[in-house]
Participant: 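Got a structure for you, questions after.
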Amino acid sequence: MSLVFEGVSRKVGAETHIYPMDLALEPGSLNVILGPTLAGKTSILRLMAGLDKPSGGRILIEGADSRGIPLRRRRVAMVYQQFINYPSFTVFDNIASPLRRAGLERAEIDRRVGEIAEVLKLTPLLQRLPAELSGGQQQRTALARALAKDADLLLLDEPLVNLDYKLREELREELRAIFRRRSAIVVYATTEPGEALMIGGRGSVLVLDQGRLLQSGPTLAAYHQPATLRVGAVFSDPPMNLIAGEVADGRARLGADIELPLSGQLARLSPGGYTFGVRANHLFVARQSEDDIAIEARVELAEISGSETFIHAAHSGTSWVAQEEGVHSLGLGEAIQVFVNPRHLFAFDGEGRLMAAPAWSAAPMAAQ
Amino acid sequence: MEKWEDNRAWFMVLPVFVIVAFSAIIPLMTVVNYSVQDIFGPGEAYFVGTEWFAEMLSNTRLHDALLRQFLFSGLVLLIEIPLGVMIALAMPAQGWRVSLCLVLLALPLLIPWNVIGTIWIIFTRPDIGLMGVSLNALGLEFDHTAAPLDAWVTVMLMEVWHWTPLVALLAYAGLRAIPDAYYQAARIDGASAWAVFRYIQLPKMRGVLTIAVLLRFMDSFLIYAEPFVLTGGGPGNSTTFLSIYLVKLSTAMDLGPAAAFSIIYFLIVLLFCWLFYQALQNVGTGDKS
């Protein structure tokens, strides 16, 4: 099945949830919708599922207008943020429910449920009720039910957001493997850039903000070449470090006093004002190579998160965030040097359009 | 330091002990005391053991009252629970109509029992009441002071009118607590309205409905004011429920039997609440269909 949006918009009352949008999703494709809260991710999923009608434009399924197709005849499965299962059904019956609806034979149902339960590690829990399961197990059951349906369109609306960190990591891995084997269109909505890369590293991404489609295309391309400042902001966690600057006399100046040569990707920049950006994982508190630029800064905050430390440091009024491997304890107000390499810099023009991005290779690579 | 604080904490709990002692423990123990003694007057009491209990358990008038009571409470549950759920399902989910419905539902709950009795007596009176006169005009003889069935119908109407809103409010709260995603999922699954009710709404309302059943059972099992105001337990003994009979006994100064009866009554309520609770906890969990 192919799914096409032609200028689809969605208004509720006076509020516009989705501005006119064009999309084309191919069978077997894996698409991640990335956007902050209220970006319109759920609205798009609801439109795709047929739960809502577009206020403008057309949604084509296999080239035909979807308007006449009733919801129950669409082959759609959806997984939600909340763990949605039939409360009075056992795990087995929950997974079997779409198969029973399809009128499969008993032996076939047993076989299929057994298969899916095996993949999602639910086999020992088949006779339990949803209320007797942990959150992760409940969401696995919901996933299993969606997978059992054998739908043409599998929609997942931030399915891992209500799980704890460990489980999220674990399920992410499993989902990636499951999606790879599917022939359905998979659409996965998330707010987290890391999750978008992890799940959709091989697929494509739709970067969304406030109801507008900012950029679409291969996930890695969008990550490495965010078309606008806004995409850069949405597709970076922690947000990309930004600093106003200018290019003049063959040199770039960032902020008041950081000077660097126009080399590599920056060489093409014509003189004028720019906003320069660098991702937190490309800022270091130790020199990495000879041509690194050192910035004198004062520590404002050092957050330790798992095996990483986020160091917030201020330099002449601008706050920078550096993401460092390992646990670093730094004193508040301590003077440090932050190192940035010019080849990691993004440059956006006055309108926020990308003018220069660090070189990257489109060759297959493990996302992060 | 810590030890001193502990002592003070006990001191803070003292008022609660005093209140509970005076409001629950002392009255209860007084009843227990009465139930095993024959009291002729102040200072003239004789220990009789379980005699009053034996007498009460073989009292046929008590048996009749108990049967009447079970029939009444059973009917109350059969009518009020489904009716309350239906009202809750029919209520709007949002908008100003919600407030309107809630206020309308809450109105009967705000009226004191004896006032409810008075309202319905006047409403059903065959000579001046709107309902009584209307029914008689239609050729249906209706007189709650003369016909036992009419008295029952009237008490039942009062009870249903007064307390179904409580069930509806509880069921409504349960319904509103169901995340919208359940309904979305049901729509995507192509579930019928009946399937949504049977497999999503009803199981999700189990908690609040358990509370509703327990509250309505206990409350209807203890019904007193309505039949008392209406006919004082008549006509004949037709609306003499347990508490009416109990009051008749104790006002006749049969304190020993009345006390024994009170304890039996209390144990019955306790037993049935436990049974209902157990049954409702297990509903749906043994369902492997």
Side-chain angles (χ1 to χ4, degrees), chain A residues 42-43 45-52 69-94 96-102 126-132 138-139 141-143 145-146 148-149 151-159 161-162, chain B residues 81-82 85 88-89 92-98 170-213 276-289:
Chain A
T42 304
S43 302
L45 292 179
R46 289 180 60 100
L47 285 166
M48 286 177 170
L51 286 164
D52 291 332
I69 310 173
L71 198 57
R72 70 181 61 201
R73 294 235 322 273
R74 299 184 188 203
R75 291 157 53 82
V76 178
M78 194 157 171
V79 181
Y80 305 83
Q81 246 180 53
Q82 300 104 323
F83 315 135
I84 306 295
N85 293 300
Y86 291 108
S88 57
F89 283 7
T90 59
V91 172
F92 182 94
D93 290 327
N94 260 294
S97 64
L99 303 174
R100 291 203 171 116
R101 187 171 299 274
L126 283 174
Q127 293 315 313
R128 298 242 197 122
L129 286 171
E132 299 163 349
Q138 286 183 42
Q139 192 64 320
T141 307
L143 276 165
R145 210 179 63 243
K149 201 174 176 186
D152 291 331
L153 183 58
L154 175 57
L155 305 171
L156 302 106
D157 192 1
E158 300 186 51
V161 81
N162 285 343
Chain B
I81 301 294
V85 170
L89 285 171
Q94 52 195 343
W96 58 270
R97 288 183 192 83
V98 176
L170 284 167
Y172 186 72
L175 279 177
R176 291 282 74 76
I178 302 174
D180 200 42
Y182 276 92
Y183 297 110
Q184 273 183 43
R187 275 179 69 198
I188 287 179
D189 283 356
S192 61
W194 166 250
V196 169
F197 174 69
R198 172 66 185 79
Y199 297 115
I200 296 173
Q201 290 170 325
L202 203 53
K204 281 274 165 190
M205 280 194 290
R206 187 168 80 195
V208 286
L209 288 184
T210 303
I211 294 171
V213 167
F276 273 122
Y277 183 75
Q278 288 303 319
L280 286 163
Q281 282 298 296
N282 293 324
V283 158
T285 52
D287 185 7
K288 307 276 186 213
S289 62

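Below, all heavy atoms of this structure are taken into account, side chains as well, without hydrogens, waters or symmetry copies. Remember, predicted model here, so these are calculated numbers, not experimental data. Within every chain, numbering begins at 1; the chains are lettered A, B, ... in the order of the sequence lines, protein sequences first and strands thereafter.
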Participant: Pick whichever of A:Val76, A:Ile84, A:Val79 has the most heavy-atom pairs under 4.5 Å with chain B.
Facilitator: A:Ile84
Participant: Please report the interatomic distance CZ(A:Arg46) to CD1(B:Ile188), rounded to the nearest 0.5 Å.
Facilitator: 8.5 Å
Participant: Do B:Tyr199 and A:Asp93 have side chains that get closer than 4.5 Å, going by heavy atoms?
Facilitator: no
Participant: Looking only at heavy atoms, what is the nearest atom pair of A:Arg101 and B:Gly190, with distance?
Facilitator: NH1-O, 3.6 Å
Participant: Within the supplied structure, the quantity of interest is the number of heavy atoms (other residues, nucleotides, ligands) at a distance under 6.0 Å from B:Gln94 CD; does it exceed 12?
Facilitator: no
Participant: Under a 4.5 Å heavy-atom cut-off, does chain B meet the side chain of A:Arg74, its backbone, both or neither?
Facilitator: neither
Participant: Between B:Arg187 and A:Leu51, what is the shortest heavy-atom contact and its length?
Facilitator: NH2-O, 3.1 Å
Participant: Non-hydrogen atoms of chain B under 4.5 Å away: do they reach the side chain of A:Asn85, the backbone, both or neither?
Facilitator: backbone
Participant: If you measure from CG on B:Asp180 to CD on A:Gln82, what distance do you get to the nearest 0.5 Å?
Facilitator: 8.5 Å
